[in-house]
Amino acid sequence: MRAYLAFTKKELIEYTRNFKMFLAITLFALLGIMNPLTAKFMPELLGNFMPEGITILITEPTNLDSWIQFFKNGTQIGLFIIVILLSGMMAKEYEKGTLINMVTKGLPRRTILFSKFTGALLLWTISYWLCFFITLGYTLYYFPEGTTENLTLSVISLYLFGILLIAVLLLGSVLFKNAYGPLLLTGAFLLVLFLWNLFPEAAKWNPFVLVSRNMDMLQGTLLLEDLLNPLLITGLIIASSLFTAGKLFSKTTL
């Protein structure tokens with residue numbers, strides 16, 4: 001346990017030194033600010049830029065518009081940022097041969113691997129929840145009359161999907177030993193999820209619902225019981241990715 005904590009601490013220090021922590025926190029904080037601001041002022045901006053003589057009917061923005069921006073930006077930008085930042089989580093160690101020194105000094109391979117996962121998970125957790133709480137604060141300020149009774153389920157669903165991608169990235173890092181292989185594996189994995197939706201019955205089990213129907217969850221049309229199957233598959237993929245990565249890493253040549 002002491003070795004695990006020490007190596008995890010080393011990962012966090014490394015994220016600080018290579019500015020990945022700074023980039024993630026800064027970009028996610030900006031997203032958190034932009035989400036409610038876009039919802040609040042976009043109708044006014046559209047009205048000001050419309051040519052004279054043309055009128056468009058725009059409904060008064062609500063807190064739901066702010067959360068639409070949150071899930072849109074979180075899915076399209078936030079997950080992309082995290083995948084790019086973490087794609088090389090083991091590439092430098094392979095390139096420089098530092099893993100050999102760690103293993104020869106008695107550090108268990110699984111400790112190295114799961115410390116890598118923990119460090120990546122902490123980076124995602126800090127960034128994501130920072131973005132969420134900034135968005136929540138500004139949303140409550142600009143739209144104090146709005147209610148979000150089912151917010152917890154929709155927000156946690158997106159967070160869990162981020163963990164899923166991190167597990168796939170870690171598996172790719174073990175398989176390919178560079179920064180490009182994990183990106184290709186993650187892209188292929190997302191493609192499989194897209195194709196999965198082509199089969200209506202199987203789509204009920206697709207983890208992609210965790211990032212594609214967040215507003216349905218927020219509005220109460222998609223409930224927790226409807227997500228039990230996708231959540232189960234998500235958990236199984238995370239566990240199997242970590243298990244497979246551990247098995248492969250224990251046998252791979254460093």
Side-chain angles (χ1 to χ4, degrees), residues 8 11-46 48 58-87 89 117-167 169 207-220 222 224 227 231 234:
T8 302
E11 285 298 300
L12 295 177
I13 293 173
E14 185 67 24
Y15 284 142
T16 302
R17 288 176 176 172
N18 59 22
F19 298 104
K20 287 185 178 180
M21 182 70 74
F22 172 78
L23 284 172
I25 288 176
T26 301
L27 293 174
F28 275 82
L30 288 174
L31 289 178
I33 295 171
M34 286 172 54
N35 295 327
L37 290 180
T38 301
K40 178 67 176 178
F41 298 110
M42 184 59 70
E44 295 181 17
L45 292 175
L46 289 175
N48 291 333
I58 302 176
T59 58
E60 188 70 21
T62 67
N63 65 319
L64 288 180
D65 294 293
S66 179
W67 292 114
I68 287 174
Q69 293 298 321
F70 174 82
F71 291 115
K72 177 183 175 182
N73 291 331
T75 303
Q76 298 179 2
I77 301 177
L79 290 176
F80 178 79
I81 291 171
I82 259 334
V83 167
I84 293 297
L85 289 178
L86 297 177
S87 61
M89 69 173 78
F117 178 73
T118 303
L121 180 59
L122 287 173
L123 180 67
W124 164 241
T125 300
I126 294 169
S127 304
Y128 178 81
W129 291 109
L130 174 66
C131 180
F132 166 74
F133 283 114
I134 291 175
T135 300
L136 178 64
Y138 274 98
T139 300
L140 292 174
Y141 176 77
Y142 285 117
F143 311 104
E145 72 286 349
T147 58
T148 49
E149 297 178 358
N150 302 297
L151 181 60
T152 302
L153 177 62
S154 54
V155 171
I156 290 178
S157 295
L158 177 53
Y159 174 69
L160 290 176
F161 194 82
I163 299 176
L164 174 62
L165 294 187
I166 291 172
L169 277 171
F208 194 68
V209 72
L210 300 180
V211 290
S212 61
R213 298 188 61 188
N214 302 94
M215 292 308 298
D216 291 334
M217 302 176 206
L218 188 61
Q219 295 172 324
L222 190 67
L224 177 60
L227 295 173
L231 288 171
T234 298

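Computed over heavy atoms, backbone and side chain alike; hydrogens, waters and symmetry mates excluded. Here, residue 1 is the first one in the sequence, and each next residue gets the next number. What you see is a predicted model, and the numbers here were worked out from it, not measured in a lab.
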> Between NZ of K20 and CD1 of I82, what distance do you get to the nearest 0.5 Å?
Replying inline: 10.0 Å
> Do the ring planes of F28 and W124 sit parallel (below 30°), tilted (30 to 60°) or perpendicular (above 60°)?
Replying inline: perpendicular
>> Once side-chain hydrogen bond (donor to acceptor under 3.5 Å, both in side chains) is applied, do any residues pair with T152, and if so which ones, sequence neighbours excluded?
In response: none
> Closest heavy-atom contact between I33 and P36?
Replying inline: O-CD, 3.4 Å
> Measuring from L122:CG to F117:CZ, what's the distance to the nearest 0.5 Å?
Replying inline: 10.0 Å
> Roughly how far apart are L218 CG and L153 CG, rounded to 0.5 Å?
Replying inline: 9.5 Å
> Can you tell if the side chain of V209 reaches within under 4.5 Å of the side chain of L222, non-hydrogen atoms only?
Replying inline: yes
>> What's the separation between atom CE in M34 and atom CD1 in I77, rounded to the nearest 0.5 Å?
In response: 6.0 Å
> Which word best sums up how the rings of F22 and F19 line up, parallel for under 30°, tilted for 30 to 60°, or perpendicular for over 60°?
Replying inline: perpendicular
>> For a side chain to side chain contact (heavy atoms under 4.5 Å, CB included) check, start with the C-alpha distance between S127 and L27, then their side-chain angles and the critical distance, and finish with the verdict.
In response: CA-CA 8 Å; S127 304; L27 293 174; over 6 Å; no
>> Minimum heavy-atom separation for M215 and I68, please, with both atom names.
In response: CE-CG1, 3.5 Å
> How about L136 and T139: do any of their side-chain heavy atoms sit closer than 4.5 Å?
Replying inline: no
>> Main chain of L151, side chain of S154: is a donor-acceptor contact present, judged purely on distance under 3.5 Å?
In response: yes
> Of the non-hydrogen atoms in M21 and L12, which two are nearest, and what is the gap between them?
Replying inline: CE-CD2, 4.2 Å
> Got I81 and L23 here, is their nearest side-chain heavy-atom distance under 4.5 Å?
Replying inline: no
> Does Y128 reach the main-chain N or O of G74 with its side chain, forming a donor-acceptor pair under 3.5 Å?
Replying inline: no
> CG/L79 to CG/L158 distance, rounded to the nearest 0.5 angstrom?
Replying inline: 5.5 Å
> Would you call the rings of F132 and F70 parallel, tilted or perpendicular, where under 30° means parallel and over 60° means perpendicular?
Replying inline: perpendicular
>> Show the nearest heavy-atom pair for residues T135 and L31, with the distance to one decimal.
In response: OG1-O, 4.4 Å
> Minimum heavy-atom separation for A120 to L86, with atom names?
Replying inline: CB-CD1, 3.7 Å
>> Within the structure provided, determine whether L227 and R213 are in side-chain contact (heavy-atom separation under 4.5 Å).
In response: no
> Any idea which heavy atoms bring A29 and L130 closest together, and the distance?
Replying inline: CB-CD2, 4.1 Å
> Is there side-chain contact between Y15 and E11, with heavy atoms separated by less than 4.5 Å?
Replying inline: yes
>> Quick one, S66 with F143, criterion side chain to side chain contact (heavy atoms under 4.5 Å, CB included). Give me CA distance, side-chain angles, the key distance, then yes/no.
In response: CA-CA 9 Å; S66 179; F143 311 104; 4.1 Å; yes
>> So, taking the atom named CG in L121 and the one named CD1 in I126, what distance separates them when rounded to the nearest 0.5 Å?
In response: 9.5 Å
>> Classify the ring geometry of F71 against W67: parallel below 30°, tilted from 30° to 60°, perpendicular beyond 60°.
In response: tilted
